[in-house]
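Structure, as structure tokens:
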Amino acid sequence: MIRCVALDIGETLMRDDRYWGAWADWLGVPRHTLSALVGAVVAQGRDNADALRLARPGLDVGAEYAAREAAGQGEVLDESDLYADVRPALRDLRALSVRVLAAGNQTARAGALLRGLALPVDAVVTSGEWGVAKPEPEFFRRVARMAGASPAEVLYVGDHPANDVFPAHAAGLRAAHLRRGPWGHFWADDPEVRRVADWSVGSLAELCDIVAAGVGRVGA
């Protein structure tokens with residue numbers, strides 16, 4: 001049975017429109033240009049930060065992030081960044097008496113901002129706070145420890161095959177691939193993604209049926 005549902009954050013709970021738009025403005029490139037570069041790295045299976053390096057060759061992303069913060073142009077998250085199905089789905093999952101976690105590759109600041117939204121989850125954790133990021137196996141081991149369950153009793157939900165589905169599966173967790181955002185849509189019908197994912201879903205609302213069923217492959 002599934003005792004915990006852990007959800008990726010970017011393009012699973014939160015829309016990334018603001019994130020990429022703010023980077024485009026900071027780098028002085030049209031938003032459409034950076035959006036197209038994001039699409040290019042998605043199609044090539046590359047790290048999403050490569051879109052920033054294509055826009056400005058040689059960019060030190062960490063240093064540039066710090067410069068944005070120092071200039072008062074750092075990260076912002078509010079209710080408008082949430083996908084519409086997030087709060088209802090999280091509430092329904094909690095009603096099923098499973099532990100619900102938000103765990104993704106975000107900064108410590110993003111974690112604090114997300115906690116400020118008071119989502120109906122048991123905990124919010126980010127790679128910036130842990131000092132370890134997906135797809136590292138240790139990230140998923142920590143998720144399982146926070147779940148208080150065996151890895152096979154934890155369902156990890158995310159849009160990114162290389163950061164979510166494949167490493168969660170390799171760590172012994174159940175995995176659901178979400179058709180959402182650039183990565184989710186582009187890779188949704190990839191044969192390897194479909195083979196590895198225990199479930200493929202188009203909405204977080206579908207997770208309640210999966211948890212209620214307990215076992216089996218739904219929508220795959």
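For the numbers below, each heavy atom of this structure counts, side chains included, while hydrogens, waters and symmetry mates do not. Because the structure is a prediction, the values reported are computed rather than measured.
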Of all pairs that satisfy side chain to side chain donor-acceptor pair (under 3.5 Å), the ones with a partner from residues 40-51, not counting sequence neighbours: Q44-R46, R46-D50, D50-R53

Within-4.5 Å side-chain heavy-atom neighbours: [X] and [Y]:
X: T126; Y: T107; result: no
X: F140; Y: P167; result: yes
X: L7; Y: L101; result: no
X: D78; Y: L113; result: no
X: L119; Y: R87; result: yes
X: V42; Y: P182; result: yes
X: R18; Y: S80; result: yes

For [Y], is there any backbone N or O sitting under 3.5 Å from a side-chain donor or acceptor partner on [X]?
X: R68; Y: Q73; value: yes
X: D85; Y: S203; value: no
X: D60; Y: A63; value: yes
X: Y156; Y: A103; value: yes
X: N105; Y: A133; value: no

Please report the shortest heavy-atom distance between [X] and [Y], naming the atom on each side.
X: M14; Y: L82; result: SD-CD2, 3.2 Å
X: A89; Y: A205; result: CB-N, 4.2 Å
X: L34; Y: W23; result: CD2-CB, 3.9 Å
X: I9; Y: G104; result: CD1-N, 3.7 Å
X: R3; Y: G148; result: NH2-O, 3.4 Å
X: N163; Y: P135; result: OD1-CD, 3.6 Å

Any salt bridge between [X] and [Y], counting N to O under 4.0 Å?
X: D81; Y: R15; result: no
X: R109; Y: E69; result: yes
X: R99; Y: E153; result: no
X: R179; Y: D159; result: no

Hey, could you give me the [atom1]/[atom2] distance between [X] and [Y], rounded to the nearest 0.5 Å?
X: L207; Y: D92; atom1: CG; atom2: CG; value: 10.5 Å
X: L178; Y: T12; atom1: CG; atom2: OG1; value: 5.0 Å
X: R115; Y: L77; atom1: CZ; atom2: CG; value: 11.5 Å
X: L52; Y: L37; atom1: CG; atom2: CG; value: 9.0 Å

Audit row: E138, R145, salt bridge (Lys or Arg N to Asp or Glu O under 4.0 Å) steps and yes/no: CA-CA 10 Å; E138 177 59 21; R145 286 198 293 270; 2.8 Å; yes

Where at least one partner belongs to residues 97-133, residue pairs that pass ring pair (Phe, Tyr, Trp, His ring centres under 6.0 Å), sequence neighbours excluded: W130-F139

Pairs touching residues 174-195 that satisfy ring pair (Phe, Tyr, Trp, His ring centres under 6.0 Å), sequence neighbours left out: H160-W183

Partners meeting salt bridge (Lys or Arg N to Asp or Glu O under 4.0 Å) with E64 (sequence neighbours left out): R56

Listed partners of D8 passing salt bridge (Lys or Arg N to Asp or Glu O under 4.0 Å), at least two apart: K134

Side chains of Q106 and S127, donor plus acceptor under 3.5 Å: no

Shared hydrophobic cluster for W26 and V61 (ILVMFWY, side-chain gaps under 4.5 Å): yes

Charged tip of R180 within 45° of Y83 ring normal and under 6.0 Å: yes

Qualifying residues under ring-ring contact (aromatic ring centres under 6.0 Å, His included), relative to Y65, sequence neighbours excluded: none

